[in-house]
Amino acid sequence: MNHLLENLNPEQLAAVTLPPQHALILAGAGSGKTRVLTTRIAWLISTRQVTPQGILAVTFTNKAAKEMLARLSALLPINTRGMWIGTFHGLCNRLLRAHYRDAGLPQLFQILDIADQQAAIKRLLKALNVDDEKFPPRDLQHFINAQKEQGLRSAAVEAWDDHTRRRVELYAAYEQQCQREGVVDFAELLLRCYELLERNEPLRRHYQERFRHILVDEFQDTNILQYRWLKLLAGHAERGRAAGPSQGAAALSMEAASAAEPPSPPPLGRGMGGGCMECACMFAVGDDDQSIYGFRGAEIGNMRDFEREFQVDNIIRLEQNYRSHGNILDAANAIIKNNEKRLGKNLWTDAGSGEPIRVFEAMSDGEEARWIVEEVRALSRDGHARREIALLYRSNAQSRILEHSLFSAGIPYRVYGGLRFFERQEIKHALAYLRLIANSDDDTAFARVVNFPARGIGARSIEALQDAARAAGSSLFAAIPQVPGKAGASLAAFAALIESMRPALDLPLPELVDHVVELSGLRLHYLNEKEGQERLANLDELLNAATSFVAEEGREVMEPEEAESTGEPTGELSADLAAFLTHAALEAGEHQAGEGDDALQLMTVHSAKGLEFNVVFMSGLEEGLFPHENSVQEAKGLEEERRLMYVAVTRARQRLYLSFAQTRMLHGQTRYSLPSRFIDEIPGELLKWLTPKAKKGGYAYEVADAFTPSPRSRVSSGGGLRVGQNVAHARFGQGVIVNAEGSGSDARVQVNFGPAGMKWLALSVAKLEAL
């Protein structure tokens with residue numbers, strides 16, 4: 001066994017060689033959790049405590065499952081093909097295939113991916129004659145999946161208003177449609193599998209006796225239903241279980257189980273250790289400090305529930321980090337210790353302290369982006385491979401100005417786990433509208449937005465229009481009058497919409513972009529989407545891009561009369577619009593560097609989880625941006641933001657840069673923000689300021705003619721108000737000031753009024769009462 005256990009540190013060794021008991025392994029970032037998991041499986045098999053068929057190992061990604069199988073094959077001379085190692089969805093699919101009759105499914109049931117599921121919902125809405133603007137398919141899709149992830153069928157969902165009641169009815173109709181067609185979506189795989197095991201006691205007991213050791217990776221990311229599924233298989237079922245099936249069904253279940261996989265012999269070590277005599281041993285590996293997927297339904301409380309419900313005596317902390325230098329880990333520890341109700345651990349390394357963490361304060365987001373470009377160039381000259389340098393940001397919209405600076409500097413980059421800014425769906429839609437009002441003969445732009453947002457122009461209407469265009473030898477737009485009937489009326493309404501936007505060509509470019517996004521219905525469409533905030537942020541960033549473009553090109557914003565007198569084109573096509581569309585096309589057309597190319601890596605912090613780089617830039621560290629403004633007033637929200645920052649910091653191996661800007665463009669306007677509280681939470685001795693050190697909670701430089709926000713300073717001309725101050729408003733109720741800008745009579749504050757939302761209020765007008 002020596003080859004299995006060599007080079008394990010004491011904590012890893014203790015985890016790998018635990019007796020068959022329930023265990024919770026708190027595996028810090030870079031502490032070798034995958035090695036512990038795979039070595040634990042190899043140890044159990046090698047010591048004949050269990051056969052390979054008696055192992056159930058659950059991961060969250062196919063990539064992680066393949067890596068686990070590859071490592072296991074290298075450790076043991078066994079065939080891993082038949083082992084139950086995979087994702088929640090993959091394992092549930094496997095079980096349902098074996099017992100499709102008991103699950104009420106056809107033998108060759110099909111699985112709907114995300115796009116297929118949305119298409120199925122669209123068909124349902126059309127069949128039921130439901131207004132898809134009132135009930136957007138994507139929103140209904142999120143609603144249905146969220147209920148399933150809570151373990152709720154339509155009959156069990158509580159409807160608190162008419163809108164929700166209708167959504168529940170549509171959920172029920174969707175269930176009937178899927179059952180009729182013999183298809184299941186991803187969320188259904190887990191729910192159907194859970195229900196099968198819950199109601200079918202003989203089948204449940206078969207798998208409970210088979211899987212004597214259940215190992216779970218990334219346990220902090222499990223949702224409520226996933227944890228309940230694990231408890232069923234571990235023999236720790238909830239009380240109040242539904243009555244078992246009939247004898248005939250039970251016999252059928254056991255016949256299917258026997259046919260699917262031969263039952264494994266009882267493991268030699270069965271019955272050893274407390275808590276595993278009558279149930280499987282659960283070996284849960286996770287890190288509560290890296291639980292960052294609350295928006296997907298991940299329930300961090302599952303870790304504490306597991307500890308309590310399974311009476312876990314074995315909690316092993318893997319704290320030795322093999323990735324980062326000491327200063328980086330000390331900074332991560334200092335940040336995360338501010339979260340309450342942690343299970344608790346402290347990362348350390350024997351690799352030395354390493355370099356201090358570099359901090360840069362920029363006057364603007366543009367200056368921040370230019371500084372990052374220069375640092376990347378310097379790092380490349382010093383021999384750092386660009387593929388080992390990551391540029392992280394809190395939200396996708398932040399990538400636009402960074403991409404622009406990199407594009408202008410000719411530095412190859414790749415957006416990991418996402419699209420470049422000008423390739424994103426909502427940006428391409430907005431640009432298509434702009435192209436179409438500039439040139440109505442642009443058939444590509446026309447085809448993209450003629451029915452987006454949806455306006456009842458289907459495939460048959462488009463076919464009729466294409467036939468008319470071919471017959472007339474004209475563009476699609478010009479052929480609209482030739483299409484008769486209802487289709488012609490719908491197309492004519494779209495043409496009228498485009499024509500109504502044309503007068504906006506006389507507006508300055510930023511106002512034109514804003515006008516088109518609003519009139520086209522794009523903003524309203526994404527407002528109605530449950531997860532449309534990111535797309536709206538990107539549309540706001542397009543407005544910033546237009547504003548910055550005009551400034552960078554050195555063009556002056558002129559009134560139409562002035563432009564006409566100077567010879568600037570107006571009406572049909574503004575020079576700024578033509579140049580901006582060209583600029584967008586060039587940046588979008590630039591080849592995206594591939595995985596094998598030596599390119600800078602750009603990504604959100606969420607996308608960076610599980611990755612590591614020699615050098616990491618964390619940009620945009622400002623209050624309202626990171627931590628995000630929506631999280632500041634919620635204890636759980638702020639703590640998840642702090643865990644997100646912890647993840648960002650621990651991606652760096654050797655060097656970490658933190659940067660923030662005094663001003664940032666937001667919806668075409670300059671926004672003044674506080675430096676992120678997360679910088680203040682890092683001990684000063686770990687930091688190396690590349691600019692003069694900022695004041696605590698403020699800036700090193702004063703902002704000329706503008707409010708310099710600080711949570712400990714007064715709002716200029718604000719009557720004793722300050723950022724962080726609780727206030728009351730006669731209409732909106734009580735709230736807290738989260739941001740401020742301007743001075744004197746132009747001073748205004750942003751207040752989070754909770755249920756009433758975020759409001760910007762002019763202090764010269766609003767009557768705010770300090771609480």
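Throughout, numbering of the chain's residues begins at 1 and tracks the sequence.
Residues Phe452 and His525 bring their aromatic ring centres within 6.0 Å. Ring centroid separation for the pair Phe109 and Tyr100 does not come in under the 6.0 Å cut-off.
With 3.5 Å as the limit, one finds no donor-acceptor pair spanning the side chains of Asp116 and Gln110. A donor and an acceptor atom, one from each side chain of Gln220 and Glu218, are located under 3.5 Å apart. A side-chain donor from one of Asn93 and Arg97 sits under 3.5 Å from a side-chain acceptor of the other. For the 3.5 Å distance criterion, the side chains of Thr164 and Asp161 qualify, holding a donor opposite an acceptor. Side-chain contact of Glu541 with Asn544: a donor-acceptor pair under 3.5 Å is present, judged by distance alone.
In this structure a side-chain-to-backbone donor-acceptor pair under 3.5 Å is present from Asp443 to Leu476. Side-chain N or O atoms of Arg400 include none that pairs as donor or acceptor with a backbone N or O of Phe421 at under 3.5 Å.
Residue Leu644 forms a side chain to side chain contact (heavy atoms under 4.5 Å, CB included) with just one option from Lys609, His628, His606, Glu639, and that option is His606. Paired with Leu602 under the rule side chain to side chain contact (heavy atoms under 4.5 Å, CB included), one option of Arg420, Gln398, Glu403 passes, and it is Glu403. For the side chain to side chain contact (heavy atoms under 4.5 Å, CB included) with Tyr174, the qualifying choice from Asp185, Leu125, Leu140 is Asp185, the only one to do so. Checking Ile498, Ile480, Asp441 one by one against Phe446, the side chain to side chain contact (heavy atoms under 4.5 Å, CB included) holds for a single residue, Ile480.
Relative orientation of the Phe306 and Phe219 rings is tilted, given thresholds of 30° and 60° on the angle between their planes. Between Tyr171 and Phe143, the angle of the ring planes goes over 60°, which puts this pair in the perpendicular group of the 30/60° scheme.
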